[in-house]
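Inspection log for the structure reproduced underneath, given as structure tokens.
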There are 4 protein chains.
Amino acid sequence: MAGSVNKVILVGNLGKDPEIKSFQNGGRIANFSIATSESWKDKMSGERKERTEWHNIKIDNDNLIRVAEQYLRKGSKVYVEGQLQTRKWQDKDGNDRYTTEVVVGRFNGTIELLDRREGGGMSGGGDYDQSRGGNDYSAPARNSAPPTRKPSFDADLDDDDVPF
Amino acid sequence: MAGSVNKVILVGNLGKDPEIKSFQNGGRIANFSIATSESWKDKMSGERKERTEWHNIKIDNDNLIRVAEQYLRKGSKVYVEGQLQTRKWQDKDGNDRYTTEVVVGRFNGTIELLDRREGGGMSGGGDYDQSRGGNDYSAPARNSAPPTRKPSFDADLDDDDVPF
Amino acid sequence: MAGSVNKVILVGNLGKDPEIKSFQNGGRIANFSIATSESWKDKMSGERKERTEWHNIKIDNDNLIRVAEQYLRKGSKVYVEGQLQTRKWQDKDGNDRYTTEVVVGRFNGTIELLDRREGGGMSGGGDYDQSRGGNDYSAPARNSAPPTRKPSFDADLDDDDVPF
Amino acid sequence: MAGSVNKVILVGNLGKDPEIKSFQNGGRIANFSIATSESWKDKMSGERKERTEWHNIKIDNDNLIRVAEQYLRKGSKVYVEGQLQTRKWQDKDGNDRYTTEVVVGRFNGTIELLDRREGGGMSGGGDYDQSRGGNDYSAPARNSAPPTRKPSFDADLDDDDVPF
DNA sequence: TTTT
DNA sequence: TTTT
């Protein structure tokens, strides 16, 4: 439909490391979920309440997948701009089921990393280690390499535009 | 979680008239769905493709419900700003199911009517009367009542702020 | 700066037909301004007040310029997504001056036409003729050609993607 | 004009501490500017280019002013949602001048702090202490006070809703 | 289920 | 004037 807009803007934290899936045709996809939360004071009871919402993010753009792979970890704070898509699938009993995702696509959408710094070499996964010194919630820095340049990118960048 | 954002921005057309539900405690809710669609040219085949997406909108604010009731109809084009919420429910077999909605709430969100005219009583379908003289921006359909003020409102308006 | 976002979302009406400027290097630019307005009830006086804001839009993308040229007219209602840019220039006295524009660029941004229909052949300009029957505020339809397909496009489309 | 939208979404860093102005009628205003920046690879030269944009933010809501006062500092990273307003003023020669600001108002807009930690008294610059143990998400700088609750708030909150 |  |  001409004259329509489908846009989602989220700022939240990853619940787990991203999952990358590869397909036989060479295509790849990255999935992760992020939590947003809000708190308010209930008018009736006067209590402070909080609600956390989880959002399924699907990245369908090679450059962004590469960045997600390298930089996003459990706990990372990100700005996500994408569009809503509801997928139909069938459970084991053959019933129709629907899942709504925020898709950061080939031709639209963005991801911006909002963490102040993220060290390189984070292969080991994002186990959250409270005792570990001096690190931001998310990115385990296993070495003393200088902070990597922070990726900033849109879905429409071609390879040459990736800033690293 | 502080420091988070959960925002959806849609422009699309209502698939049906809104449904209003009343609860025993006096509360009300309006539901409708809107379609957004995009078209693109497939890189491989060169064909033009189109994809339509349906979004469930839930309005949880008295003023906006009143406006939806009066002004929104099947086919109406609207700007919707709300937040994503996924609700858990159980089907008849007791299985968990999830439905994602765009909620225009008590304290956030907006709806803007984008149709040029909105006369009263257009439930019977949106027959656009070409022969009618004058201007869509101001002219009400079917009667000589003075032009209805076009509703423009945010979720945080109290009653006195409703412009009609 | 990595991790930054600069986004403007407007829905409003063009104050005049777009102006297209051509440069010696073959480049082109489209400029127009759109009005947004809001009304509210003053808490003190109880009066209803209204404020109209004008926004300078600059289009810096060939496909979008072509569409603006063909479809946008004084009064057209549009959704504009772009970014804020402040330009420095000098007045005749050599004083620095600044102008802020919403730029719909080569690699980001969108324009969506929100008018229900727009006839073809709008060469004559957008004089607003109240006495003219059955037309939407904006687009004078000087012939009986069937309504043109409504353009829907992003800044990153290449030529082949333009839907007409 | 009904049916219009005027929305700006920015994520960037404060260039200086906020300035608070008080008026004789007891009203207050907070001003600060934030930088957003983008980088891209020039198609012609192949060089990487960068452009930084400065945005004037004006906060016109008591709760948000209080938060800005307490939490925002030079270098703070924030999400700002507001609307565009262009103000006319006169320079010393009596010439009309225009300044465009992003206004986070009484009834709309939001500010979200995106920094992992916000301790007190960081006016002296954002020296990030690598050697400090523990976790940025919760640990206040420079003292052993319990973690400050991170402010999350909308323009429409009344006093009781401020989360601290 | 809309719209073009 | 920020940040990377």
Side-chain angles (χ1 to χ4, degrees), chain A residues 1-6 71 86 112-119 146-153 163-164, chain B residues 10-19 31-39 48-57 72-78 80 114-115 125-126 128, chain C residues 1-6 71 86 112-120 146-153 163-164, chain D residues 10-19 31-39 48-57 72-78 80 114-115 122-123 125-128:
Chain A
M1 181 188 326
S4 72
V5 173
N6 176 356
Y71 293 94
T86 298
E112 297 286 337
L113 255 121
L114 302 177
D115 290 315
R116 284 283 176 184
R117 44 178 206 131
E118 60 283 330
T148 326
R149 204 187 182 306
K150 193 173 242 153
S152 173
F153 45 86
F164 45 80
Chain B
L10 302 171
V11 173
N13 299 280
L14 275 78
K16 292 187 186 171
D17 288 3
E19 279 178 37
N31 285 292
F32 55 89
S33 57
I34 68 174
T36 58
S37 114
E38 53 179 344
S39 66
R48 179 144 290 279
K49 300 204 169 180
E50 181 157 3
R51 178 190 168 90
T52 294
E53 196 68 39
W54 286 96
H55 310 271
N56 300 313
I57 314 296
L72 300 189
R73 291 293 175 270
K74 176 180 178 177
S76 299
K77 195 185 220 35
V78 286
V80 173
L114 302 176
D115 289 315
Y128 182 75
Chain C
M1 180 189 322
S4 73
V5 174
N6 176 357
Y71 294 93
T86 298
E112 296 285 338
L113 254 118
L114 302 177
D115 290 315
R116 283 283 177 183
R117 39 176 213 134
E118 58 285 330
T148 325
R149 207 188 179 305
K150 194 172 241 155
S152 173
F153 44 88
F164 44 81
Chain D
L10 302 170
V11 173
N13 299 280
L14 275 78
K16 293 187 184 170
D17 288 3
E19 280 177 36
N31 285 292
F32 55 88
S33 58
I34 67 173
T36 58
S37 112
E38 52 180 342
S39 66
R48 179 144 291 281
K49 299 203 167 179
E50 181 157 3
R51 177 190 170 90
T52 295
E53 194 69 39
W54 286 96
H55 310 272
N56 300 314
I57 314 294
L72 300 189
R73 289 292 175 273
K74 177 181 178 177
S76 299
K77 194 186 224 26
V78 286
V80 173
L114 302 176
D115 290 315
M122 344 188 264
S123 66
D127 36 308
Y128 183 75

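Naming convention: chains lettered A, B, ... in sequence-line order (proteins, then strands); numbering from 1 in each chain.
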[X] side chain near [Y] side chain, heavy-atom distance below 4.5 Å:
X: D/L14; Y: D/K74; answer: no
X: D/E38; Y: C/N6; answer: no
X: B/L10; Y: A/V5; answer: no

Sugar-phosphate, base or nothing in reach of D/I34, heavy atoms under 4.0 Å: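 Counting heavy atoms under 4.0 Å across all strands, no contact is made by D/I34.
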Whole angstroms only, please: what is the [atom1]-[atom2] distance between [X] and [N]?
X: D/E50; N: F/dT3; atom1: CD; atom2: P; answer: 13 Å
X: B/K16; N: E/dT1; atom1: NZ; atom2: P; answer: 7 Å
X: B/F32; N: E/dT2; atom1: CZ; atom2: P; answer: 16 Å
X: B/E38; N: E/dT4; atom1: CD; atom2: P; answer: 18 Å
X: D/W54; N: F/dT1; atom1: CH2; atom2: C1'; answer: 4 Å
X: C/L114; N: E/dT4; atom1: CG; atom2: P; answer: 12 Å
X: B/H55; N: E/dT2; atom1: NE2; atom2: P; answer: 15 Å
X: D/L72; N: F/dT2; atom1: CG; atom2: P; answer: 16 Å

Short side-chain to backbone donor-acceptor contact, B/D115 and B/K77, under 3.5 Å: yes
Donor-acceptor pair under 3.5 Å, A/S4 side chain vs E/dT3 base: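 No such pair is found, so the answer is no.
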Nearest-nucleotide pick for D/N13, side chain only, options being E/dT1, E/dT3, F/dT2: F/dT2
